[in-house]
Amino acid sequence: MVLMSEKHRFWSFIALNMDPYLTEYRYETSTTVSEIRSRYGYLNNGEEAGDIHSIAGRIMGLRRHGKIVFAVLDDGTATIQLVFRYDILGENSWKVVELLNIGDIIGVKGKPIRTLRGELSILVNELTVLSITWRDYPEKWHGLADTDKRYRLRYLDIMMNERVRKAITSMYRIEKSFRDFLDSKGFIEIHTPKLQSIYGGALARPFTTKMYSLDKTVYLSIAPETYLKRAIIANLYRVYEIAVCFRNEDIDAQHYPEFVQIEIYQAFADWNDMMKLVEEMIAYGIKNVFGDYKVEVEHNGNRIELDFKPPWRRISIEEAVENYSGIKVRGKSYEELIGIAKDLGIEVDDPRMGKIIEKIFERFAEPRLVQPTYVILYPRDISPLARPYRNDPNYSERFELFVGSLEIGNGYSELNNPIIQYYFFKKEEDLRFKSSHKFIGKAEYHPMDKDYVRALEYGMPPTAGVGIGIYRLIMVLFGLPSIKDVIPFTIVEPDEFKTIAETHNDILKHYIENLHLDKL
RNA sequence: GGGCCCGUAGCUCAGCCAGGUAGAGCGGCGGGCUUUUAACCCGUAGACCAGAAAGCUGGGCGGAGGUCCCGGGUUCAAAUCCCGGCGGGCCCGCCA
C-alpha cells in the first residue's frame, strides 16, 4: 500500500460492501492461538483436525502464491499461520483475500492443520475484515530499527520487536508474582500520595506543579518511603507499594524521570530479614515467569546465565572495592581517599568519605557484579535514612542489590530514632547548601521533613525496608540496553505529519455523508 | 551542564571523507504461480508543491528556485564542505 499514489484500496472494500468501520463491531472467538498451539501439536504433516475454531488478530505476514495465500496472524497470545485457499473460500471471499495487507485486523474460522512443510496452521473457511491499516508496516526482516521511530511509534516497536514485547508483558507477571508473594506473607499494598508538599525518601530534584485548590506549589513524589513508614507507625506493620516515582533528572540508559519501584516495609525485622525476603520474592517471581531460577540473558554482547536461586552472595562495599580494584580503602583518612580517587582519575568534591568509596566501587566493582549480589555495610555518612550498623556506627545496616552490573535495589534497617533522624536531616540540609552542585532555586535542596520526624516521635518499631527498581530488573532479565526499552510509552517531542483524513479527502467525505457527521 | 554520533524512497540502508544527472534490497503497482514461511519469476512506477482523487495536469517560455530533516553560507556546481536550528541516540557529571 502506498498512501498517496493510487486510488486507495479502501474503495475496493467499499465496492465489496465491506466498510472496515461500519460492517463489523465485534467478533466472537472460540479460543486463542496459544491454546491451539498446545492442543494441536500432535498433528502430523498434512493432517487436519476436525474442529472448527475462530480466532482474531492482526496480520503480521503475507505470502501470496496465486490461488493459495499464507498469512501470519498474531492474536496477542501467539502467532499462527493462516492458509487461504481459493477452492475453499470461493470467488467472493477471495476478492477480500486479495485486498489484505500486513497490519489488517481480521477474524477467521477454520480447522487446525499441519501443512506439508510442517507448519501448524489454520485452514481458513471464513474470513471477516474487522479493521484495516492505512499505513505501511516496517519491513519484516529488519523490523523497526530507527530509534526515533521506535520511541515515537512505540506501538509498532512493541508489536514487532519480540524482546520488547516480552519484557513489557512479563513486567505485569513479575509484579503480580511479587504481590502474590507478599500477600502470602501478610503484606498489604497502599497508595502513597504522588502530590506532596514536602518530598523525601531520596535525594533528587523533584517535579513541581501547581495545585489550584490550595493555591500552592506541590511536588511529585520522588519516593513512597516516608509515607510507607508512616503506615508502619500506624500499626500497618507489613506494607508495600508498587509506586511510580518522579525525579526531575537527566535521561540516560539507566535513568528515566518517571520510573516504577516496589518499596516494602516490614516491622520487627532488620536488614537480614529483608535481604532474605527480597531474594525469595524475586526468585519466586522469576520462577513463575521463566519456569526456572536460571535465566539466560544478553550481557555486554555475550550470552550469560543468571542464577537467582537463594541465597545470594553478600559482600561489603569495601571488600568489593579491594577485591576488584586491588586498592586498599579500609582505614584510610579522608585526605588519603581523595588522593586515591584522584590517582584513578575520579573527580570527587564531596565532603562525605562514603561518597568517595562509592565512586571507586562504581568504577571497579559494579561492572563485575553480574550474578545477584548484595553489597552491604555502606558507609554511614551516605545513608541518612538507615540505621547505624550495630557493631560499628561508621557503617550503616544498608544493602544494595546488583544484578547484571546494574543497581537494582536498596534497603536497610530503617532508622527509627527521631532524634538521630532529625540530626541526619539537618546535616543533609547543610551538605546540600555547601555542595558545589549548582541546582537553581531552593526546591532542589532536600528539605527538613519535620512532619516525618514527628511521626517517628510517636514511636516506630524496628523496621526493615527496601526499594527495587522494576524497570531495571526487567532490563536485566531481558537483556535490553536502555531503560526506555522496557517502559511502555515514553515522552517524545511532537512531529509533523499528515493524517489520512487530511490526505484523502474523498474518504473523509464518505464518512461525513454516511454517518451524517456534519448534522451536529 | 560538557562531549560525540545519526537524520537520504513506506522499511532497512549505500552514496558524504576526496562536491559534478538521487541509488540498492525489501515493500508498492501489473502479470504468473495451490504448500510457502525474509516465497519465487517477469514487468513497472514512485522522491517537492498545487489541482479533493488514480490516470493525468500545472508550478516550469529564458534564468533562478524547488526534492537527500529545516534555514543560511561557500562554490560554476552542495545529499556531500561550513554555520545555525529541529528531531533522535550514546558517553561523562547528577539522580535509582
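Letters A, B, ... are given to chains in the order of the sequence lines, protein chains preceding strands, and every chain is numbered from 1. It should be emphasised that the depicted structure is a prediction, and the values quoted were computed from it without experimental measurement.
- Base pairing of B:A22 is not made with any nucleotide, judged by Watson-Crick or G-U wobble geometry with both donor-acceptor distances under 3.5 Å.
- Straight-line distance between the C1' atoms of B:G19 and B:C81: roughly 8 Å, to the nearest whole Å.
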List the atom pairs, with distances to 0.1 Å, where a side-chain N or O of residues 367-376 of chain A and a protein N or O form a donor-acceptor pair under 3.5 Å, not counting sequence neighbours.
residue  : atom : partner  : partner atom : Å
A:Gln371 : OE1  : A:Asp307 : N            : 2.8
A:Gln371 : NE2  : A:Glu305 : O            : 2.7
A:Thr373 : OG1  : A:Gln371 : O            : 2.7
A:Tyr374 : OH   : A:Met275 : O            : 2.6
A:Tyr374 : OH   : A:Glu279 : N            : 3.3

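- Evaluation of atom-type donor-acceptor distances gives a pair under 3.5 Å for the side chain of A:His255 against the base of B:C95.
- Ring geometry for A:Trp11 versus A:His510: interplanar angle over 60°, hence perpendicular rather than tilted (30 to 60°).
- Contacts of A:Gln81 with the nucleic acid, taken as non-hydrogen atoms under 4.0 Å apart, include base atoms.
- Across B:G93, B:C90, B:U34, the shortest atom-to-atom separation from the side chain of A:Ala253 is found for B:C90.
- For the segment residues 139-151 of chain A, residues with any heavy atom less than 4.0 angstrom from an atom of RNA chain B are, sorted by number, A:Glu139, A:Trp141, A:His142, A:Gly143, A:Leu144, A:Ala145, A:Asp146, A:Thr147, A:Asp148, A:Lys149, A:Tyr151.
- B:A53 has no base stacking with the ring of A:His504 when judged by centroids under 5.5 angstrom apart and an interplanar angle below 30°.
- Across the strands present, B:U80 finds no partner; the criterion is a Watson-Crick or G-U wobble pair with both atom distances under 3.5 angstrom.
- If you check every strand for non-hydrogen atoms under 4.0 Å, A:Gln261 touches nothing.
- In terms of position on RNA chain B, the residue among A:Val492 and A:Glu407 whose nearest nucleotide sits closer to the 5' end is A:Val492.
- B:A45 and B:G30 have their C1' atoms separated by 10 Å, with the value rounded to a whole Å.
- Within the structure, every side-chain polar atom (N or O) of A:Lys498 is placed at least 4.0 Å from both OP1 and OP2 of B:G10.
- Taking the six-membered ring for Trp and thresholds of 30 and 60 degrees, A:Trp312 and A:Phe308 have ring planes more than 60 degrees apart, a perpendicular arrangement.
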Does the salt bridge (charged side-chain N to carboxylate O under 4.0 Å, His left out) test come out yes or no for A:Asp74 and A:Arg165, once each step is laid out?
CA-CA 13 Å; A:Asp74 183 338; A:Arg165 190 179 42 194; 2.8 Å; yes

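- Using N1 to N3 plus N6-O4 or O6-N4 for Watson-Crick, or N1-O2 and O6-N3 for G-U wobble, each under 3.5 Å, B:G28 pairs with B:U44.
- The side chain of A:Thr115 contributes no N or O atom lying less than 4.0 Å from OP1 or OP2 of B:U37.
- If you check every strand for non-hydrogen atoms under 4.0 Å, A:Ser121 touches nothing.
- Counting non-hydrogen atoms under 4.0 angstrom, A:Asp252 reaches a base of the nucleic acid.
- Rounded to the nearest Å, the gap between the C1' atom of B:G73 and that of B:A78 is 11 Å.
- Atom name C1', nucleotides B:C48 and B:G66: the rounded distance is 6 Å, in whole Å.
- When the P atom is compared between B:C86 and B:C13, the two are found 25 Å apart, to the nearest whole Å.
- Ring centroids of A:Phe10 and A:Tyr511 are separated by less than 6.0 Å, placing the two rings close together.
- Residue A:Asp495 is out of contact with every strand shown, counting any heavy-atom pair closer than 4.0 Å.
- Remark: the A:Arg114 side chain and the A:Gln81 side chain contain no N/O donor-acceptor pair separated by less than 3.5 Å.
- Straight-line distance between the C1' atoms of B:C5 and B:A9: roughly 24 Å, to the nearest whole Å.
- Residues A:Asn505 and A:Ile491 both approach RNA chain B. Their nearest nucleotides, taken by heavy-atom distance, put A:Asn505 toward the 5′ side.
- As judged by a 4.0 angstrom heavy-atom cut-off over every strand, A:Glu119 is placed among the base-contacting residues.
- Between the C1' atom of B:A54 and the CD1 atom of A:Ile507 lies a distance of 12 Å, rounded to the nearest Å.
- A:Lys484 has a side-chain polar atom (N or O) that falls below the 4.0 Å cut-off from OP1 or OP2 of B:G89.
- Summarising the geometry, atom CZ belonging to A:Arg58 is positioned 14.0 Å from atom OG1 belonging to A:Thr79; distances are rounded to the nearest 0.5 Å.
- At a cut-off of 3.5 Å, with distance as the only test, a side-chain donor of A:Ser383 or A:Arg398 sits close to an acceptor on the other residue.
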Expected list for residues 355-366 of chain A: side-chain donor-acceptor pairs under 3.5 angstrom, two or more places apart:
residue  : atom : partner  : partner atom : Å
A:Lys355 : NZ   : A:Glu358 : OE1          : 3.2
A:Arg363 : NH1  : A:Leu344 : O            : 3.3

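- Under the stacking definition used here (centres under 5.5 Å, planes under 30°), the residue A:Tyr137 fails to qualify as stacked on the base of B:G10.
- Comparing the C1' positions of B:U12 and B:A50 gives a spacing of 32 Å, expressed to the nearest Å.
- Nucleotide B:G93 holds its C1' atom 14 Å from the CD atom of A:Glu358, rounded to whole Å.
- The side chain of A:Lys355 places an N or O atom within less than 4.0 Å of a non-bridging phosphate oxygen (OP1 or OP2) of B:C95.
- Taking atom C1' in both B:C49 and B:G28, one finds a spacing of 23 Å when rounded to whole Å.
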